[in-house]
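I have placed the structure first, in the form of structure tokens, so that the comments after it can refer back to it.
Just so we're on the same page: letters track the sequence lines, and every chain starts at 1.
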Number of protein chains: 2
Amino acid sequence: MEIKTDILLGDCKEILKTLPDDSVDLVFTSPPYADQRKKTYGGIHPDRYVEWFLPISAELKRVLKPTGTFILNIKEKVVNGERSTYVMELIIEMRRQQGWLWTEEFIWHKKNCYPGKWPNRFRDSWERLIQFNKNRQFSMYQEAVMVPMGDWSKTRLKNLSETDKTRDESKVGSGFGKNISNWLQRDMAYPTNVLHLATECNNKNHSAAFPEGLPEWFIKLFTKEGDTVLDPFMGSGTTNFVAQRMKRNSIGIEIMPEYHEMVENELKPVELYLLDKKDSYAPTEPRRRIELR
Amino acid sequence: MEIKTDILLGDCKEILKTLPDDSVDLVFTSPPYADQRKKTYGGIHPDRYVEWFLPISAELKRVLKPTGTFILNIKEKVVNGERSTYVMELIIEMRRQQGWLWTEEFIWHKKNCYPGKWPNRFRDSWERLIQFNKNRQFSMYQEAVMVPMGDWSKTRLKNLSETDKTRDESKVGSGFGKNISNWLQRDMAYPTNVLHLATECNNKNHSAAFPEGLPEWFIKLFTKEGDTVLDPFMGSGTTNFVAQRMKRNSIGIEIMPEYHEMVENELKPVELYLLDKKDSYAPTEPRRRIELR
DNA sequence: CTGCACTATGAATCGCTAA
DNA sequence: GTTAGCGATTCATAGTGCA
């Protein structure tokens, strides 16, 4: 099997036009969040975020296969003590103007969120993972993300800190601990729409990197080997690295030459695999990140 | 101290008009979801949900104190394979038409959500808890909901790292006794905006009941003893029972006579407490629910 | 190889000051 | 008035080093 990884340089709004219709199985991306400060990457003002994004999502809809899925990782910022509404407005307009189906919203619970204390809010420890589809019928491989209950409960129990125990105990008068015995009866169970992952601390190379487990989970769920994954806001290339490791073709688009070059130097454009049984990709080590200044 | 609990019968849209301005410290409620509970509110269609709710939220804004908070527990249902957008539209219109501030969105992670399997989605294990305010300055008692810290705090307290020392050195100049008290209280940490609570399984009496821990957490966070809590969609009265146990006055409004009668029979309208120190309410047992068919 | 101690830092937010 | 810049605040996790 031949796995291709295309790393493209430029504004995704333009580059996307060069991709053929109905050619991508999964779009997984984390666009720059709306920001008032202009120096940072992107620097799109909240009030203009929707109009900036809509042309891009139109292209994404064109290149996505009818059975494909678009996962958008985003979270609204606090502006002047209030959450911005651009994410909600974007979902509404993508549905209304472009006919996207808003199938689901997953929650990424960031277990180690940024510290801080403010008089009127707590730390923000979750982000949205919004699922869009072109049709009600789309590819989904639920078995690929099933959680091994036996092992899971073992490690879970092992790793369950005293804090977790007491926290759970104190907040729930009844009903939590009992269920553990239920888990042991099954080998595998389907997950829910809440993902618990920690952010990676050692990402000095890109300000907006998500942990590899995040794209990995959605690539497992919505693609099979040999399918094609697209990240129009590639950044440090996490999605593409994971896709290649999992034997998926992938396309990454990045506007900043530094990131583009960095990823290109690290990724092999074509990887050959012997024909082997499904989903047996090697669980290689997560790559070492390259420093970028 | 005298704690009053008013249980009112009728459509909250009308009943709310009888309440005085600026008299409620916290509104905590879980309204009927669109097209759910058809028997009670006639099954509001998703397309008409916003126009149905806006007159009610207008009254809620009137009765809420300037420093008060409105917590709306809601989750959009799946209609025809797609999530409905009425919750988002509601937030946008409450902001735009009525001047509500959308301060924050908490996530309630339901750890033991309903089992089930569908070909195109996983179990839904989270709900929104949307925080609205009238002003940017509102009452918030963060210390009341602090949680025990992680295990690492023990070792960390023994030896402060160089980083922490230098980081702290910089702030010694400004705050004098502040830092000391901070470090002495380091057994506890502030929570995040993700709540982990199990649903209570034995709620057969009301279709939309939430666990007592949910209103309890927000009542702790946004009110003090003697304040007033309002639930315009009372249902089985969970909010009011918890409020009374925590020595808060409360008002509950319910349209269905059966629920209204049930709660009225169980709740004491006036409870007398001896004057004692703040927040020393007894952690009484959660009440036994009454079966209702 | 396991385990413990120690270090670094992460898509943060508020409030004040200066321009 | 309005905006931009900066200091202060804070906690869970992974990685490194060493016994």
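- The aromatic ring of A/Y114 does not stack onto the base of C/dA11, failing the criterion of a centre distance under 5.5 Å from the six-membered base ring together with planes under 30° apart.
- Atom-to-atom, NZ of A/K111 to P of D/dC11 comes out at 18 Å; the value is rounded to the nearest Å.
- Screening residues 70-96 of chain A for ring pair (Phe, Tyr, Trp, His ring centres under 6.0 Å), with sequence neighbours left out, gives A/Y49-A/Y86, A/F70-A/W100, A/F70-A/F132.
- For A/D124 and D/dT9, the CG to C1' distance is 16 Å, given to the nearest whole Å.
- Residues satisfying the side chain to side chain donor-acceptor pair (under 3.5 Å) test with A/E89, not counting sequence neighbours, are A/T85.
- Between the P atom of C/dA12 and the NZ atom of A/K75 lies a distance of 12 Å, rounded to the nearest Å.
- Distances shorter than 4.0 Å separate none of the side-chain N or O atoms of A/R123 from OP1 or OP2 on D/dT10.
- Summarising the geometry, the separation between OH on B/Y190 and C1' on C/dT13 is reported as 15 Å, rounded to the nearest angstrom.
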Show me the donor-acceptor pairs, under 3.5 Å and distance only, between side chains in residues 52-59 of chain A and residues at least two apart or in other chains.
residue, atom, partner, partner atom, Å
A/S57, OG, A/L54, O, 3.0
A/S57, OG, A/Q98, OE1, 2.7
A/S57, OG, A/Q98, NE2, 3.4
A/E59, OE1, A/R62, NE, 3.0
A/E59, OE1, A/R62, NH2, 2.9

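- Just one residue in the list B/L195, B/V145, B/N73 forms a side-chain contact (heavy atoms from CB on, under 4.5 Å) with B/F218, and that residue is B/L195.
- Counting non-hydrogen atoms under 4.0 angstrom, A/R83 reaches the backbone sugars and phosphates but no base.
- Partners of A/N249 under the side chain to side chain donor-acceptor pair (under 3.5 Å) rule, at least two apart in sequence or in another chain, do not exist in this structure.
- Rounded to a whole angstrom, the distance from the P atom of D/dA8 to that of C/dA11 is 23 Å.
- In this model, no side-chain donor or acceptor of A/T199 finds a partner on the base of C/dA11 within 3.5 Å.
- For A/N120, a side-chain nitrogen or oxygen approaches OP1 or OP2 of C/dC14 to under 4.0 Å.
- Comparing D/dT9, C/dC14, D/dC11 by their nearest atom to the side chain of A/P119 picks out C/dC14.
- Look at CD on A/E76: it is 10 Å from P on C/dT13, rounded to the nearest Å.
- When the P atom of D/dA8 is taken as reference, atom NZ of A/K117 falls 17 Å away, rounded to whole Å.
- Taking atom CH2 on A/W108 and atom P on C/dA11, their separation rounds to 7 Å, with Å as the unit.
- Listed by chain and number, the residues in a side chain to side chain contact (heavy atoms under 4.5 Å, CB included) with B/R123 are A/T192, B/C113, B/W118 (sequence neighbours excluded).
- Note: A/H196 and B/H109 have tilted aromatic rings, judged against thresholds of 30 and 60 degrees for the angle between ring planes.
- With distances taken from any side-chain atom of A/S30 to the nucleotides C/dT13, C/dA11, D/dA12, the minimum falls on C/dA11.
- Among the duplex regions that DNA chain D forms, those built from at least three successive Watson-Crick or G-U pairs under 3.5 Å are C:2-10 with D:11-19, C:12-19 with D:2-9, ordered by first number.
- In this structure, CD of B/E104 is placed 11 Å from C1' of C/dA12, rounded to the nearest angstrom.
- Nearest-nucleotide positions on DNA chain D for A/G116 and A/A198 put A/G116 closer to the 5' end.
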